Number of protein chains: 2
Amino acid sequence: MKEKKEDRRISRTRRLMHEALMALIVEKGYEEVTVQDILDRADVGRSTFYAHYRDKDELLLSSFEHLRTLFEVQQQAIFAARRTGRAPELNIVLELFRHTGEHHRLYKAIAGKRSGEMIRKYLYRYLYNLLIGPHTEMMKQRTTPPVPVEVTTHHLVSSLLSLITWWLDNNMPYPPEKMDEIFRRLSTPTLEAAFGRRAEEIITSEYSAGSVIAFYSQFIDRGCCPDK
Amino acid sequence: MKEKKEDRRISRTRRLMHEALMALIVEKGYEEVTVQDILDRADVGRSTFYAHYRDKDELLLSSFEHLRTLFEVQQQAIFAARRTGRAPELNIVLELFRHTGEHHRLYKAIAGKRSGEMIRKYLYRYLYNLLIGPHTEMMKQRTTPPVPVEVTTHHLVSSLLSLITWWLDNNMPYPPEKMDEIFRRLSTPTLEAAFGRRAEEIITSEYSAGSVIAFYSQFIDRGCCPDK
DNA sequence: TCTTTTATCGAACACCGTGTGTGATAAAAA
DNA sequence: TTTTTATCACACACGGTGTTCGATAAAAGA
């Protein structure tokens, strides 16, 4: 259980380099940042950098992985708390916005419009697994919805990603709860249409407790548009 | 009216360089392509390249601008034809998919997943102007829809862009007509929800003749969700 | 056809960022 | 204190960039 003590110098150097990279991304955009810039800003020797990371990308990735772990630990805590008392169902999208808001400085550098292609793809894959991953086997259904399932999932993930980046790039003008509501309003009717079902009972208070995906899988569990 | 005759050598060199870039993007992805690669592939002198373009980006941009002009000329021809006989209303999204499909080799290099950050932003701006641009002044309405107008427009444009790139990256498994239908199915209910209106009359045959945006502006012309 | 114009070539150049390797040094851990 | 090791400064080869220049060849113009 005990964490192995890490050399103070290591954590210090890593922290300096991460801070430098984040500041530089906000200033000139990720693509424009050079390893040289990071060395100058962090005041760290050249060989030291390469002792820790293979290149720029790996440094950025490790920043993201750190946040990712933080998020997942936090979610598991909430999940555990759910077992104890009767807590409301987990809304993963809302939690995601909250977590992003809490670390908005880092996420703005990592996911904002000044970030690069590489992290965009990484984020897409992460969100895909988060939203769609647990329900992939359910997708192998034989009914043919009006919109192909792959298109719907792609659309859903892209929407969330673009919504998050918009939020960050515009200095988070609304609270996470409002963003979650917006995402629900934008995506839920789309899901209905994609699966060819009527929408009445979806935009209701009953739904607001769950996640979009909870409802998504509900669609599929019922065999997809059973009343059509 | 007469086009100024361009030196044969110029068009030849430009063509060679464009072809080289497109082939290389498909092979290794835009970011990975170097000017050196282009020179080798096109069999063109170094100084010749820089006599035409400042850098990689400008070369790619000029490819896109060429396609853009082609599309716009074609659309104006259709628009002109509409005056003569009674032709169906212009569906800009359908036309966009048709045009993309006709030049799918080029668009796959330019807009596909192997393309770069820079062209993505350019494409976003272009689609934004195409879809939202003509209706910007209509957006300055005083009613407060459930989802902020900027978010809805951003979501709409991102959706179309991600749908187009998905189509290209997956070797266009459906015809443009189907893609237009998919986009309509995905975006129309979202627009309703965003503007807080009931959806009944939207997914109807009457609508299928027009463009999403035609309907979008219809929302706004009526003052946004008047029956709520 | 002959002349003029000019696009291309190729070679050289300085510049900058990258990634690797070295032994010396200082700071942490034991 | 002794041992371990992370950091440092410096040097190096490599590769891509963007510029310059005179020579050459291929167009355009008469």
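Just so it is clear, the model here is predicted, and its values are computed rather than measured. Chain letters run A, B, ... following the sequence lines, proteins first, then strands; residues in each count from 1.
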Next on the checklist: Rounding to an integer number of Å, can you tell me how far B:D55 CG sits from D:dG18 C1'?
Outcome noted: 10 Å
Checklist outcome for this item: When rounded to whole Å, the CD1 to P distance for the pair B:I38 and D:dG16 reads 12 Å
Checklist entry - Are OP1 or OP2 of D:dG18 and a side-chain N or O of B:Y50 less than 4.0 angstrom apart? => result yes
Checklist entry - Any side-chain donor-acceptor pair under 3.5 Å between A:Y30 and A:D57? => result yes
Checklist entry - Rounded to whole angstrom units, what separation is found between the CD atom of B:E32 and the P atom of C:dT18? => result 14 Å
Checklist entry - Is the closest side-chain donor-acceptor distance between A:Y128 and A:H154 under 3.5 Å? => result no
Item to check | Integer-rounded Å distance: D:dA9 P and A:D40 CG | outcome: 12 Å
Checklist entry - Regarding B:S159 and B:S187, is there a side-chain donor-to-acceptor distance under 3.5 Å anywhere? => result no
Item to check | Nucleotide D:dT17, atom P - distance to CD of B:E31 in whole Å | outcome: 13 Å
Checklist entry - Could you give the CG-to-P distance, from B:L39 to D:dG15, as a whole number of Å? => result 16 Å
Item to check | Aromatic ring pairing B:H103/B:H99, orientation class (parallel under 30°, perpendicular over 60°, tilted between) | outcome: tilted
Checklist entry - Considering the terminal five base pairs at each end of the helix from C:dT1-D:dA30 to C:dA30-D:dT1, what angle separates the two local helix axes, rounded to 10°? => result 40°
Checklist entry - If you measure only the distance, is there a donor-acceptor pair under 3.5 Å linking the side chains of B:E65 and B:Y126? => result no
Next on the checklist: If I compare all heavy atoms of B:D180 with all of B:L94, which pair ends up nearest, and what's the gap?
Outcome noted: OD1-N, 3.7 Å
Checklist entry - Which letters describe nucleotides 5-12 of chain C, given B = protein heavy atom under 4.0 Å from base, S = only from sugar-phosphate, - = neither? => result -BBSBB--
Item to check | Check against side-chain hydrogen bond (donor to acceptor under 3.5 Å, both in side chains), A:H52 and A:S62 | outcome: CA-CA 11 Å; A:H52 287 270; A:S62 86; over 6 Å; no
Next on the checklist: Could you walk me through whether B:I92 and B:Q75 satisfy the side chain to side chain contact (heavy atoms under 4.5 Å, CB included) test, starting with their C-alpha distance in whole Å, then the side-chain angles of each, then the deciding distance to 0.1 Å, before giving a yes or no?
Outcome noted: CA-CA 8 Å; B:I92 198 72; B:Q75 286 325 107; 4.2 Å; yes
